[in-house]
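Hydrogens, waters and symmetry mates play no part in the numbers below; they use all other heavy atoms, side chains included. By convention in this document, chain letters (A, B, ...) are assigned in the order of the sequence lines, proteins followed by strands, and residues within each chain are numbered from 1. What you are looking at is a predicted structure, and each value in this text was computed from that prediction instead of being measured.
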Amino acid sequence: MITAERKPMEEILEFVRPYSRILLVGCNECVTVCAAGGRKEVGILSAGLQMALMKEGKTLDVKEVTLERQCDPEYVEELVTYIDQADIILSMACGCGVQEIARRYKEKPVYPALNTKFMGASERQGIWAERCQGCGDCLLGITGGICPIARCSKRIMNGPCGGSTQGKCEISSDVDCVWQLIWDRLKALGMENRYEDIMAAKDWRSSRDGGPRKIIREDLAE
Amino acid sequence: MKTESNIEKILASGQLVVTSECGPPRGAVPEKVKEKAEMLRGYVDGINVTDNQTAMVRMSSLAACIIIKQMGLDPILQMVTRDRNRLAMQSDIIGAYAHGINTMLCLSGDHPHFGDHPMAANVYDLDSIQFIQMVKKMRDEGKFQGGEDIDTPPKMFIGAAANPFADPFELRVARLAKKIKAGVDFIQTQCVYNLDKFETWMKGVCDRGLHEKVAILPGITPMKTAGMARYMKNKVPGMDVPDELVKRMAGVPKEKQAEEGIKISIEAIERLKEVEGVRGFHIMAIEWEQKVPEIVEKAGLLPRPQF
């Protein structure tokens, strides 16, 4: 999933202060799962903003809406009914959702209430960790299902570097050395012999380095 | 011979190689480079010039190498993949070779986390093994990494680093084998204090016959104080300083500790000379370059071969 965290309250208040009517829009997908921008978080932020502004002697009219998917034009269209009653839109989706709203509602300012973080997985209750950088050319088949691009601090493809210490990365003992994890897994799978195959220099064009990316499925495109 | 490198010539003659290191200044002070390099004249066969060592900005390795080359000495161009993509690295390699620099060390480089610009983007377009492949392809095939021909290819003698003490230990010989497969000619290791562990690693290297394919130069760094010994033991990732060395340093009076540190280095060289596969030494006296001549002399490594 795409993970996100709510911005600090003061930063959001800066966006909102000049206005009196906001449309606060959550998303029912990834940001709901990572507890950053679902229906529940929309309610909490709405109450928080109104209270904070009340202390400043202002009233804020908040319309709360949580869409099924904010990155999908079909659902973003649903905001049409509320848009005229709002000065601005405050989005609690990832950056994709914020931009979809900006594309559809050209005359209304849209502000992000979240910082979009990474593509990750839930490690345990309340902890999410980065797993994928979307490099566009997946290596997981040769690294035992563990990604060195997303999870090595130097994104080394022929690791581990000389800084690996007792399974941890040199930059912090809180960071696992992904090459230790890969090696342990290759051993468990009886695939140690693969280790000495040199992984060639990567063609980063499939990643962000090749410019903004697009998928065109001719079988589906209208 | 693959190159004109002084290091390659000495290795081919069967003699031990001695290299040292010179960290460029943090400013436009060419005199500093000259001062450090001059101390090493006649005592070493090549001078590594670090590339933004510990992720701190310094005079570029290439610029400092040119200064040293102009003094009639042999610089070893260190280059890290942290700060440059493959275009920048290849153009600097050609530029270095155009100035007569024929030996280099291919590294990934310390993570920016450790330096004075932790906010910088890290490049890591290549890792150190892919970097070695690129330099070898430039030299032996006369081709850029992208595949096009080079007009007068740079003939670099290719060095790399190895840390026999990092984890997982069982991968340390295998990773060296990957560097050899990629095309490395010589290896300078992490500072060796744990001689037993180094010898275990070397045995693994020799058991696979890898010592016949690459020249290994163990790293020697004299300790100035007991405090430095403790710091290296506890704070530097991938460094293995045995307790008895820390105790030995702490066991002599403060004013004698530097001398003791030098003595430890000389003893290490004497012992490692006898280890199969050791082809020389890389003496890194960090901000203590003036001690290198003494170590080289007392370890019986003089005179240096002349070609």
Side-chain angles (χ1 to χ4, degrees), chain A residues 133 135 137 139 142-144 146-188 191-210, chain B residues 55 80-82 85-86 89 107-115 118 122-134 137 145-146 160-183 189-191 208 210 219 234-240:
Chain A
Q133 282 194 0
C135 75
D137 184 14
L139 306 168
I142 43 178
T143 56
I146 301 170
C147 182
I149 304 294
R151 299 172 65 182
C152 168
S153 304
K154 298 182 182 175
R155 66 179 189 193
I156 278 179
M157 282 179 268
N158 296 282
C161 79
S164 178
T165 306
Q166 293 173 358
K168 297 297 177 186
C169 174
E170 63 178 15
I171 70 156
S172 164
S173 56
D174 295 333
V175 178
D176 289 326
C177 170
V178 77
W179 273 100
Q180 176 80 60
L181 300 177
I182 292 169
W183 174 242
D184 291 345
R185 174 109 171 113
L186 289 178
K187 274 199 297 188
M191 291 175 168
E192 299 99 309
N193 59 332
R194 290 212 184 159
Y195 172 76
E196 288 190 32
D197 296 341
I198 293 178
M199 242 192 266
K202 194 169 172 67
D203 181 344
W204 292 107
R205 278 174 295 189
S206 59
S207 188
R208 176 66 186 78
D209 308 70
Chain B
V80 300
T81 69
R82 178 194 59 228
N85 70 5
R86 58 190 93 179
M89 288 194 280
L107 306 168
S108 60
D110 293 318
H111 194 276
H113 171 80
F114 296 103
N122 56 40
V123 179
Y124 295 119
D125 180 13
L126 304 177
D127 64 28
S128 57
I129 288 170
Q130 295 160 348
F131 185 8
I132 293 164
Q133 285 182 315
M134 178 175 81
K137 183 174 176 177
Q145 204 266 349
N163 182 1
F165 310 106
D167 292 324
F169 183 65
E170 59 185 330
L171 271 188
R172 292 298 145 188
V173 172
R175 189 149 188 266
L176 175 70
K178 287 183 86 164
K179 290 196 174 180
I180 293 168
K181 200 196 270 186
T189 77
Q190 173 67 288
C191 313
R208 286 187 59 172
L210 299 175
N234 300 323
K235 297 276 187 243
V236 183
M239 191 76 86
D240 185 340

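- Listed here is the closest heavy atom pair of A:W179 and A:P148: NE1-CB, 3.7 Å.
- For B:Q133, the part lying near chain A is the side chain, with the backbone staying farther off; criterion is any non-hydrogen pair under 4.5 Å.
- Proximity to chain B at a heavy-atom threshold of 4.5 Å picks out A:M199, A:A200, A:A201, A:K202, A:W204 from residues 199-206 of chain A, in numerical order.
- Contact residues of residues 153-162 of chain A toward chain B are A:S153, A:K154, A:R155, A:I156, A:M157, A:N158, A:G159, A:P160, A:C161, A:G162 (heavy-atom distance under 4.5 Å).
- Atoms CD and CZ, from B:E170 and B:R172 in turn, are 10.5 Å apart once rounded to the nearest 0.5 Å.
- Ranking B:G238, B:A174, B:G109 against chain A, the residue ahead of the rest is B:A174, based on heavy-atom pairs under 4.5 Å.
- Neither the backbone nor the side chain of B:V236 comes within contact range of chain A; no heavy atom of the residue lies under 4.5 Å from a heavy atom of that chain.
- Judged as a side chain to side chain contact (heavy atoms under 4.5 Å, CB included), and not counting sequence neighbours, the contacts of A:L186 are A:I182, A:M191.
- Residues of residues 167-177 of chain A lying under 4.5 angstrom from chain B, judged on non-hydrogen atoms, are A:E170, A:I171 in numerical order.
- The CG atom of A:L139 sits 12.5 Å away from atom CD1 of A:I146, with the distance rounded to the nearest 0.5 Å.
- Remark: side-chain polar atoms of B:R82 are paired, donor with acceptor, to backbone N or O of B:D110 under 3.5 angstrom.
- The cationic atom of B:K178 (NZ for Lys, CZ for Arg) lies less than 6.0 Å from the six-membered ring centre of A:Y195 and within 45° of the ring axis.
- The candidate from B:L126, B:D125, B:T81 with the greatest count of non-hydrogen atom pairs under 4.5 Å with chain A is B:D125.
- Interface residue B:R86: only side-chain heavy atoms are found under 4.5 Å from chain A.
- Note that the NZ atom of B:K181 and the CG atom of B:L210 stand 11.0 Å from one another [nearest 0.5 Å].
- Heavy-atom pairs under 4.5 Å with chain A were tallied for B:A182, B:P164, B:P237; the largest tally goes to B:P237.
- Residue B:N163 touches chain A through its side chain alone, counting heavy-atom pairs closer than 4.5 Å.
- Here the closest non-hydrogen pair linking B:P112 and B:Y124 is CD-OH, 4.2 Å.
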